[in-house]
Amino acid sequence: MNRLLPVMIGAALLGSAQARTLAEIKKAGVIRIGTNAEFKPFTYFEGLSMRGFEYDLGNAVASQLGVRAEWSSQPFDNLLISLNGDRFDLVISSHGITPERQKAVDFSTPHYCSGGVIVSRPGGPKTAAQLKGTTVATQVGTTYVGQIAKVVGTKNVRTFPNNADALQALRAGRVDAMVNERFYSLEALKTAKGKLQQGDLLFQEKLGMAVAKGNSSLLKAVNGALKTVQGNGTYAKISKSYFGQDIRCR
Ligand code: ARG
């Protein structure tokens with residue numbers, strides 16, 4: 001139930017790993033960024049190349065810091081543990097900023113605002129009320145798990161390591177619905193060509209970039225870079241290219 005437990009254990013085990021300061025990152029000329037790149041249109045692979053809104057935004061932040069971004073993709077559930085183990089300097093993977101996660105890592109100011117929506121097959125549940133008594137799929141380690149559990153109970157939540165597997169379970173009729181990120185779901189609906197429908201927004205959240213707990217020099221620089229790119233048109237341009245709109249928090 002407590003998704004933070006592994007993060008806390010990870011942090012405790014790896015707590016001795018020293019996060020690189022801004023000065024060290026600048027000296028190396030490279031910032032290591034971790035993500036779960038199966039989350040179109042945020043971070044995803046097209047052939048061997050990573051793409052996406054967060055990929056472009058992360059590169060824009062890196063360029064503000066005067067360094068090159070080196071990206072790696074890992075299972076979502078591992079990202080914050082790897083961050084505290086100093087395998088990355090920064091994690092950009094649509095993490096909802098929650099008090100629970102804030103015990104383990106530090107978050108930037110939100111880089112966008114969104115939420116979790118219900119997706120089902122035509123005729124299936126579209127509202128929170130209709131979800132009651134059904135089984136619902138989502139990705140393990142996400143904020144969706146707890147939000148779904150509030151509606152259907154923990155035992156009716158089916159978690160999958162990858163979103164693609166959750167989606168597949170829904171399409172194959174092994175679950176009644178899926179709850180996932182609003183824009184990820186829109187993308188999935190496009191691909192499903194009428195075989196899936198979008199329901200209500202179940203909850204809203206603010207998404208942030210994560211640095212290791214206490215890495216204040218990097219956090220400050222990332223927040224500064226975000227502010228700059230949000231002010232100079234770069235953010236709006238990137239956002240519009242993926243979503244047709246500016247998704248910053250208002
Ligand atoms: N916003 C959700 C959370 O904070 C899900 C993020 C999933 N991200 C991903 N790249 N798969 O837990």
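Quick note: numbers below take in every heavy atom, side chains included, and nothing from hydrogens, waters or symmetry partners. Atoms within a ligand are numbered from 1 in the order they appear, just like the ligands themselves.
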Taking [atom] as the reference point, the nearest protein heavy atom with its distance:
| atom | answer |
| --- | --- |
| atom 8 (N) of ligand 1 | Ser93 O, 3.0 Å |
| atom 6 (C) of ligand 1 | Ser94 O, 3.1 Å |
| atom 3 (C) of ligand 1 | Thr143 OG1, 3.2 Å |

Just to be sure I read this right, does ligand 1 sit under 4.0 Å from the backbone of [X], its side chain, both, or neither, counting only heavy atoms?
| X | value |
| --- | --- |
| Thr43 | neither |
| Thr35 | neither |
| Tyr144 | side chain |
| Arg101 | side chain |

For the ring pair [X] and [Y], is the centre-to-centre distance below 6.0 Å?
| X | Y | value |
| --- | --- | --- |
| Phe243 | Phe42 | yes |
| Phe53 | Tyr44 | no |
| Tyr235 | His111 | no |

Mark the output for [X] as yes if a heavy-atom distance to ligand 1 is under 4.0 Å, and as no if none is.
| X | value |
| --- | --- |
| Phe76 | yes |
| Thr98 | no |
| Asn163 | yes |

Query raised in the report: If you measure from atom 1 (N) of ligand 1 to every heavy atom of Glu181, Lys40, Glu205, which option wins on shortest distance?
Result: Glu205
Requested in this report: Check whether more than 12 heavy atoms from other residues, nucleotides or ligands sit under 6.0 Å from atom CD of Glu24, and answer yes or no.
Outcome: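 Enclosed.
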Out of all atoms in ligand 1, which are within 4.0 Å of some heavy atom of [X]? Include the element for each.
| X | answer |
| --- | --- |
| Thr142 | 5 (C), 12 (O) |
| Leu207 | 1 (N) |
| Asn36 | 9 (C), 10 (N), 11 (N) |

Below 3.5 Å, N or O to N or O, backbone or side chain included: is there any such pair between [X] and ligand 1?
| X | result |
| --- | --- |
| Glu38 | no |
| His95 | no |
| Gly96 | yes |

Under 3.5 Å, is there a donor-acceptor pair between the [X] and [Y] side chains?
| X | Y | result |
| --- | --- | --- |
| Ser94 | Tyr112 | yes |
| Glu181 | Asn163 | no |
| Ser93 | Asn36 | no |

Requested in this report: State, with a plain yes or no, whether a side-chain heavy atom of Val136 is found less than 4.5 Å away from one of Val175.
Outcome: no
Requested in this report: Measure the shortest side-chain to side-chain distance between Thr43 and Trp71 over non-hydrogen atoms and say whether it is less than 4.5 angstrom.
Outcome: yes
Query raised in the report: How long is the span from the CD atom in Glu205 to the NE2 atom in His95, to the nearest 0.5 Å?
Result: 10.0 Å
Query raised in the report: Leu201, Phe203: one ILVMFWY side-chain cluster at the under-4.5 Å cut-off?
Result: yes
